[in-house]
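Counting starts at 1 for both ligands and their atoms, in listed order. Keep in mind that this is a model prediction, so the values were computed, not measured.
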Amino acid sequence: MLLKDKVAIISGGSRGIGRAVALELANEGADIAFNYLKSEDRALEVKKEIESKGRKALIFKSDVKNLAQMKNMVNETKEKFGRLDIIVNNAGILRDKALMLMGVEDWEDVISTNLSGAFNLIKAAIVTLMKEKQGNIINITSVAGIKGMPRQVNYSASKAGLVGMTKALAKEVASYNIRVNAIAPGYIDTDMVGGLKENHKTELMKRIPLNRFGTPDEVAKVVTFLASERSKYITGQVISIDGGLAI
Ligand code: NAP
């Protein structure tokens, strides 16, 4: 087991990539705390699945946009599980529109969830990790944050912001033995891309050298690698998991 008795907090663990990360880290021996915003039933199912693997699970109905709620999640996790090792900033949303039609709300919702949300969870956890003199932070960015995507000015900006945050923080906390890395998925088969029409998906696949969408599991395996000792000399990096899309 790569993460025996480690403790991980994941934002947005009820569905998609966050769910797969929660289950995969539990497979590798970690106890898991995660939050979700709306999908209560699905969050409870993930909790049960984690527990069926013999690991502990805590779930929080809370909003990454709210710093006080993130502090509460970190404090309760520490209290119940006794330590903290891994933070995965996964919660994210889309509000895709051409810039000329994009409202201020579309901009602010995406920035405050995807970018400020990660800031809030890190801010809530960083002193604990610094005191422990160890830790791993993994931010889920996107190919959009590297290449920029049309109709996703808000989303691309939020994800590019996460890349900058990852690199700056990696330098800032390296001396505390805390590593900070990011993963940039391409198209991954979750609810987030579920709304795409079949002919649009076929068109998109033509642009992906490996000619298919990825799976949440394929992302989760790399999160596990980055959270484990196997990557102990890697920090400040952005690893693309995109079938070659960003080449
Ligand atoms: P998803 O299936 O839509 O799931 C999003 C998760 O985030 C859900 O668990 C959701 O909880 C949670 N969430 C959303 N807003 C939240 C908030 N304010 N506070 C707490 N939790 C919140 O998305 P996904 O495809 O798994 O994407 C996960 C991450 O990967 C996102 O950051 C996304 O930008 C990134 N990504 C995805 C793809 C892709 O192709 N799927 C590609 C590149 C990057 P509720 O359901 O309870 O609201």
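Atoms of ligand 1 found under 4.0 Å from any heavy atom of Ser62, numbered from 1 in the order shown, are 19 (N), 20 (C). Numbered from 1 in the order shown, with element, the atoms of ligand 1 that lie under 4.0 Å from a heavy atom of Lys65 read 18 (N). Shown in contact with Ser39 at under 4.0 Å from a heavy atom are these atoms of ligand 1, numbered in order with element: 45 (P), 46 (O), 47 (O). Per-residue contacts place Tyr187 under 4.0 angstrom from the following atoms of ligand 1 (heavy atoms of the residue considered): 40 (O). Heavy-atom contacts of Ile93 reach the following atoms of ligand 1: 14 (C), 15 (N) (cutoff under 4.0 Å). Listed by number with element, the atoms of ligand 1 under 4.0 angstrom from any heavy atom of Gly16 are 2 (O), 26 (O).
Using a 3.5 Å distance cut-off with no hydrogens or angles, the side chains of Lys65 and Asn120 do not pair a donor with an acceptor.
An N or O contact shorter than 3.5 Å is missing between Val193 and ligand 1 by distance.
Nearest protein heavy-atom neighbour of atom 1 (P) of ligand 1: Arg15 NH1, 3.6 Å. Looking only at heavy atoms of the protein, atom 18 (N) of ligand 1 is closest to Asp63 OD1, 2.9 Å.
Members clustered with Val163: Ile146, Val238, by chain and number, using a 4.5 Å side-chain heavy-atom cutoff among hydrophobic residues.
You'll find the side chain of Lys201 reaches within 4.5 Å of the side chain of Phe213, heavy atoms only. With a 4.5 Å cut-off on side-chain heavy atoms, Ile137 and Leu129 count as touching.
Applying the salt bridge (Lys or Arg N to Asp or Glu O under 4.0 Å) test to every pair with at least one member in residues 99-126, sequence neighbours left out, gives these pairs: Arg95-Asp109, Lys97-Asp106.
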